Amino acid sequence: MQTWLKGKRVGYWLSEKKIKKLNFQAFADLCRKRGIDVVQLDLEKPLEEQGPLDVIIHKLTDVILEADQNDAQSQELVQRFQEYIDSHPETIILDPLPAIRTLLDRCRSYELIRRLEGCMQDDRICSPPFMELASQCGEDTMAELKKHKLTFPFICKTRVAHGTNSHEMAIIFSEDGLKDVKPQCVIQSFINHNAVLYKVFVVGESYTVVERPSLKNFSPGASSQSRGGPDRKTIFFNSHNVSKPESSSDLTALDVVEGVCRPPSDEVIRKISRNLREALGISLFGIDVIINNQTGQHAVIDINAFPGYEGVPEFFTELINHIQVVLQDQNPESPQFSQNNAAPEQAASICGDRACSAASGFVTMATKETWLMEDDPSNSKRLQHQRLSCNSALPPNFQNCVAPMATKASSQ
């Protein structure tokens, strides 16, 4: 047991469904073995009475969405939560509410991905073209598609990136299919990727990559119309069902592997994860990545707040290791958390010669509000389990790139 951790208190608020799915009681037991007290928070009661709290872990996505839809009770809960945070700046929040709001909006998160692509200046990374469609398609829609460099086929998604409806999507193959687009939505270019999706599960400095089924390849352009046949009909699908580990949908059945077919690069995944973490000040998130079968580029097609971590058996160990790191960063006089003094089960997860903390990125980026806008796993193929780079400093060109967004306040 790390003696300096004794008496530290971690509060958490998750839906009952999330608690059961993650078996979060096992995490609480692991924390207690290391001397950390764990408290399940009740948002209906004053948080002051449930403190003091050194760390709060939460997934308030449902509550935030309901509050944004003017639900009075949810607004009160969010306000109460925010007031506690404001009154206790020493409490570490996993993760900041403004960052969660950014990830709940696909337009915001896709814009973030687009700008990060430009900032990283890495030819191995691309962001699919996208645009928001706020109203029914009209005479100017085709011109708008061209302006945003969108071609057929493309994916149509809900703007809200959470909840059951967020998984309901459509593939539009031609101008005739525009009648099937239901605003308010986000349109994103479809990239052929040989029916393989890579889900990156991030916990602070650590990440794990799990392979999942995905949509098969489709011909570019207006489908069979170019060959004199009728337009291909719109395909409606549920992305959650398509990408389940055991999925056997016709949409994922690949007749033949075309072009580039290789797993993602550790270096690229690390780079993407680190930049997202530093830009948003977040620790618990997922990234959906596909490999363009024509160029071999890594394309980020979605980012998720506090995902399910299916296929990440060491999730709880990674989470408690991260909590130790951020607590240590807040208490420099505590023993250094490194390979030399980590418990045996921790050693494999420590980064190099020193522990890396997301806290520095959290403090600097969150205070700048750079990107924040206030408005059955057993079948999974687990590919990589790595630590992110220890370099938490942002390159000069990245600092310059993200600055303009501050004024705006912010699967295939």
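Basis for what follows: all heavy atoms, side chains included, without hydrogens, waters or symmetry-related copies. Remember, it's a predicted structure, so these values are computed and weren't measured experimentally.
Residues F218 and I171 meet the side-chain proximity criterion, which asks for heavy atoms closer than 4.5 Å. L276 has its side chain within reach of L112: a pair of non-hydrogen atoms, C-beta onward, lies under 4.5 Å apart. Side-chain contact between P129 and H148 is absent, with no heavy-atom pair separated by less than 4.5 Å.
D71 and Q75 share no side-chain donor-acceptor pair at under 3.5 Å. With hydrogens and angles left out, the side-chain atoms of N217 and N194 include a donor and acceptor closer than 3.5 Å. With no hydrogens or angles considered, no side-chain donor-acceptor pair links Q297 and E117 at under 3.5 Å. Using modelled atom types, one finds a donor on one side chain and an acceptor on the other under 3.5 Å when comparing H193 with S214.
Of the possible polar contacts, none joining the H322 side chain to the I320 backbone as a donor-acceptor pair under 3.5 Å is found. Q50 places a side-chain N or O within 3.5 Å of a backbone atom of D42 that can act as its donor or acceptor partner. Between the side chain of T252 and the backbone N or O of S249 there is at least one donor-acceptor pair closer than 3.5 Å. Looking only at distances, no side-chain donor or acceptor of T158 sits under 3.5 Å from a matching main-chain atom of C185. Judged by distance alone, the side chain of T102 and the main-chain N or O of P98 form a donor-acceptor pair under 3.5 Å. In this structure, the side chain of S109 does not engage the main chain of L103 through any donor-acceptor pair within 3.5 Å. Remark: side-chain polar atoms of D95 are paired, donor with acceptor, to backbone N or O of L284 under 3.5 angstrom. Looking at N275, its side chain does come within 3.5 Å of a backbone N or O of K271 through a donor-acceptor pair.
Looking at residues two or more places apart in sequence or on another chain, you find a side-chain hydrogen bond (donor to acceptor under 3.5 Å, both in side chains) between T234 and D180.
Nearest heavy atoms, G308 versus L22: O-CD2, 3.4 Å. A pairwise comparison of heavy atoms in P245 and P213 identifies O-CG, 4.1 Å as the closest pair. Here the closest heavy-atom approach between residue V260 and residue G296 is recorded as CG1-CA, 3.9 Å. Nearest approach of G311 to T208, heavy atoms of both residues: O-CG2, 4.4 Å. Between S265 and R124, the shortest heavy-atom distance links the atoms OG-NH1, 4.1 Å. Shown here for E48 and S87, the closest heavy-atom pair between the two residues is OE2-CB, 4.3 Å.
Here the two rings, on F237 and H240, have centers that are 6.0 Å apart or farther. Taking the ring centroids of F130 and Y110, they lie under the 6.0 Å cut-off. Proximity of the aromatic rings of F24 and F27 is defined here by a centroid distance below 6.0 angstrom, and this criterion is met.
At most 12 non-hydrogen atoms from other residues, nucleotides or ligands lie less than 6.0 angstrom from NZ of K182. The local environment of CD in Q82 is crowded, with over 12 non-hydrogen atoms from other residues, nucleotides or ligands closer than 6.0 Å. Within a 6.0 Å sphere centred on CG of D255, heavy atoms belonging to other residues, nucleotides or ligands number 12 at most. More than 12 non-hydrogen atoms from other residues, nucleotides or ligands lie less than 6.0 angstrom from CG of N23.
Residue pairs satisfying the salt bridge (Lys or Arg N to Asp or Glu O under 4.0 Å) criterion with at least one member in residues 72-85, sequence neighbours excluded, are listed as follows: E76-R80.
To the nearest 0.5 angstrom, Q188 atom CD is 10.5 Å from C107 atom SG. In this structure, the separation between OG1 on T91 and CG on D86 is 11.0 Å, given to the nearest 0.5 Å. Between atom CG of residue L14 and atom CD of residue Q40 there is a gap of 8.0 Å, rounded to the nearest 0.5 Å. With values rounded to the nearest 0.5 angstrom, I92 atom CD1 is found 8.5 Å from K8 atom NZ. Atom-to-atom distance recorded for I287:CD1 and I113:CD1 is 8.5 Å, nearest 0.5 angstrom. Note that the CG atom of N192 and the CD1 atom of I291 stand 13.5 Å from one another [nearest 0.5 Å].
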When you look at V10 and L53, which way does the side chain to side chain contact (heavy atoms under 4.5 Å, CB included) test go after all the steps?
-> CA-CA 6 Å; V10 174; L53 299 167; over 6 Å; no

Any chance you could lay out the salt bridge (Lys or Arg N to Asp or Glu O under 4.0 Å) test for K199 and E211, step after step, and finish with the verdict?
-> CA-CA 6 Å; K199 298 193 78 70; E211 182 180 317; over 6 Å; no

Show your reasoning for whether side chain to side chain contact (heavy atoms under 4.5 Å, CB included) applies to L60 and V78.
-> CA-CA 8 Å; L60 287 169; V78 172; 5.9 Å; no

Is there a side chain to side chain donor-acceptor pair (under 3.5 Å) between R34 and N321 once you walk through the steps?
-> CA-CA 11 Å; R34 300 196 189 183; N321 285 348; 3.1 Å; yes

Step by step, would you call R32 with D37 a salt bridge (Lys or Arg N to Asp or Glu O under 4.0 Å)?
-> CA-CA 6 Å; R32 293 187 183 102; D37 293 332; 6.0 Å; no

Carefully, step by step, assess D54 and L327 under the rule side chain to side chain contact (heavy atoms under 4.5 Å, CB included).
-> CA-CA 8 Å; D54 297 287; L327 284 173; 3.9 Å; yes

Let me see the working for E310 and K244 under side chain to side chain contact (heavy atoms under 4.5 Å, CB included), right down to the final yes or no.
-> CA-CA 10 Å; E310 297 94 343; K244 282 183 177 179; over 6 Å; no

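Of the residues listed (K157, E111, E132), the one engaging R106 in a side chain to side chain contact (heavy atoms under 4.5 Å, CB included) is K157, and it is the only one. For the ring pair (Phe, Tyr, Trp, His ring centres under 6.0 Å) with F201, the qualifying choice from F285, Y309, F315 is Y309, the only one to do so. Each of W13, Y84, F81, F306 was compared with H58 under the ring pair (Phe, Tyr, Trp, His ring centres under 6.0 Å) criterion, and only F81 meets it.
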